[in-house]
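Numbers here simply count residues along the sequence, with the first being 1.
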Amino acid sequence: MGGLVTEWTRVREERRIFEDEAVLALDKPVGVSVMGERHDTDLVTMARAAGEELFPAHRIDKVTSGVVLFARELRFHGDLTRQFNRRTVEKAYLALTRTRGVPETATIDLPLSVGRKNRVRIAANRADIVALPAGAGHSAPDSGHSAPDNGGATSDGGGMLWTVPAAKTFPHVRTYPSITRIARVWQGDQHTLLVARPISGRRHQIRVHLAWVGHPIEGDPLFERAPVTRTFLHSWQLAYDAAWDGGRRRFTEAAPGADFWAALDPAEAAAAAAALAGFTAPAAF
């Protein structure tokens with residue numbers, strides 16, 4: 001128990017982004033769960049061992065770093081979770097892929113399902129995913145034409161829509177409509193840095209969406225058998241309404257740490273970080 005208290009004290013002091021009477025925002029390190037993971041130490045358990053009760057307003061994966069928002073008292077928790085459920089919270093993640101050819105902007109509109117061993121997957125065959133130019137409509141044509149390995153996207157500007165014809169969606173499983181918007185920040189010799197905005201908030205959504213359109217996140221254990229690095233997914237920005245502060249819109253950001261750039265050589269890491277510092281979200285994003 002003493003070890004948990006010490007670890008929580010360190011995490012709280014080193015990783016605190018913002019705190020007031022209602023909320024605590026932390027920059028969660030990779031490898032620590034938010035709460036409730038079997039056989040793992042999680043932030044809620046660590047805090048409780050130190051005498052502090054926290055109520056997560058949302059969760060991010062154990063392998064993901066970055067912003068996590070906790071209510072410090074139960075009376076603040078309900079409003080925060082309702083904002084996440086109603087999708088009024090704005091979320092932006094950073095993802096680093098070992099691929100090229102990601103479009104400048106794109107929307108991934110692919111339903112999710114849960115398969116064997118509780119694994120999240122697209123509720124269709126990968127061969128039935130189609131890539132359409134932006135503006136072609138939000139419903140894919142009911143045809144069998146398949147996306148190539150790179151998702152059919154081009155890198156020379158213009159948005160793309162990855163989707164699947166309704167007739168090709170699995171009829172025998174429960175499906176969860178899921179939308180992720182992405183924007184390319186930087187592209188190197190082998191890697192691409194993306195900003196991803198999950199419009200819906202499904203488990204593993206960004207990770208599965210990117211992998212199934214041919215741009216898996218580097219180091220993701222869902223798609224690499226034995227990754228030797230961290231998963232390069234980072235919860236970067238969060239915006240929510242503070243009802244206890246006159247309903248003001250709060251903006252919270254966690255800059256990616258040095259470990260997030262570790263997959264790149266120093267020159268590319270500097271270039272990617274500079275591109276991120278100058279990034280302005282496209283109007284359609």
Acceptor/donor pairs from residues 111-122 side chains to any protein atom, 3.5 angstrom cut, sequence neighbours excluded:
{"residue": "Arg119", "atom": "NH2", "partner": "Leu222", "partner atom": "O", "Å": "2.8"}
{"residue": "Arg121", "atom": "NH2", "partner": "Ala124", "partner atom": "O", "Å": "2.7"}

Passes salt bridge (Lys or Arg N to Asp or Glu O under 4.0 Å), Arg48 versus Glu53? Steps please. CA-CA 5 Å; Arg48 187 178 298 122; Glu53 193 74 18; 3.5 Å; yes
Considering only distance and modelled atom types, tabulate donor-acceptor pairs under 3.5 Å from the side chains of residues 190-197, sequence neighbours left out.
{"residue": "Gln190", "atom": "OE1", "partner": "Arg98", "partner atom": "NH1", "Å": "2.9"}
{"residue": "His191", "atom": "NE2", "partner": "Glu218", "partner atom": "OE1", "Å": "2.8"}
{"residue": "Thr192", "atom": "OG1", "partner": "Thr99", "partner atom": "O", "Å": "2.6"}

Shared ILVMFWY cluster between [X] and [Y], side chains joined below 4.5 angstrom?
| X | Y | answer |
| --- | --- | --- |
| Trp236 | Trp261 | yes |
| Leu96 | Val67 | no |
| Val63 | Leu94 | no |
| Trp212 | Val102 | yes |

Using the side chain to side chain contact (heavy atoms under 4.5 Å, CB included) definition, which of the options Leu69, Asp20, Leu238, Asp241 pairs with Arg250?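 Checked Leu69, Asp20, Leu238, Asp241 against Arg250; only one passes side chain to side chain contact (heavy atoms under 4.5 Å, CB included): Asp20.
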Could you give the side-chain donor-acceptor pairs of residues 263-273 under 3.5 Å, partners two or more places apart or in another chain?
{"residue": "Asp265", "atom": "OD1", "partner": "Ala267", "partner atom": "N", "Å": "3.1"}
{"residue": "Asp265", "atom": "OD1", "partner": "Glu268", "partner atom": "N", "Å": "2.8"}
{"residue": "Glu268", "atom": "OE2", "partner": "Asp189", "partner atom": "N", "Å": "3.0"}

Does Leu233 form a side chain to side chain contact (heavy atoms under 4.5 Å, CB included) with Tyr93? I'd like the steps, not just the answer. CA-CA 7 Å; Leu233 181 63; Tyr93 288 74; 4.0 Å; yes
For Thr252 and Gln237, what are the C-alpha separation, side-chain angles and deciding distance, and is it a side-chain hydrogen bond (donor to acceptor under 3.5 Å, both in side chains)? CA-CA 6 Å; Thr252 303; Gln237 296 175 340; over 6 Å; no
Pi-cation contact, Phe232 with Arg230 (under 6.0 Å, within 45°):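 The answer is yes; both the distance and angle limits are met.
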Using the side chain to side chain donor-acceptor pair (under 3.5 Å) rule, pick out the option among Asp61, Thr231, Thr64, Thr180 that qualifies with Arg207.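 In the set Asp61, Thr231, Thr64, Thr180, the residue that makes a side chain to side chain donor-acceptor pair (under 3.5 Å) with Arg207 is Asp61.
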Quick one: sort the His77 and Phe55 rings into parallel, tilted or perpendicular, breaks at 30° and 60°.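 Because their plane-to-plane angle lies in the 30° to 60° range, the rings of His77 and Phe55 count as tilted.
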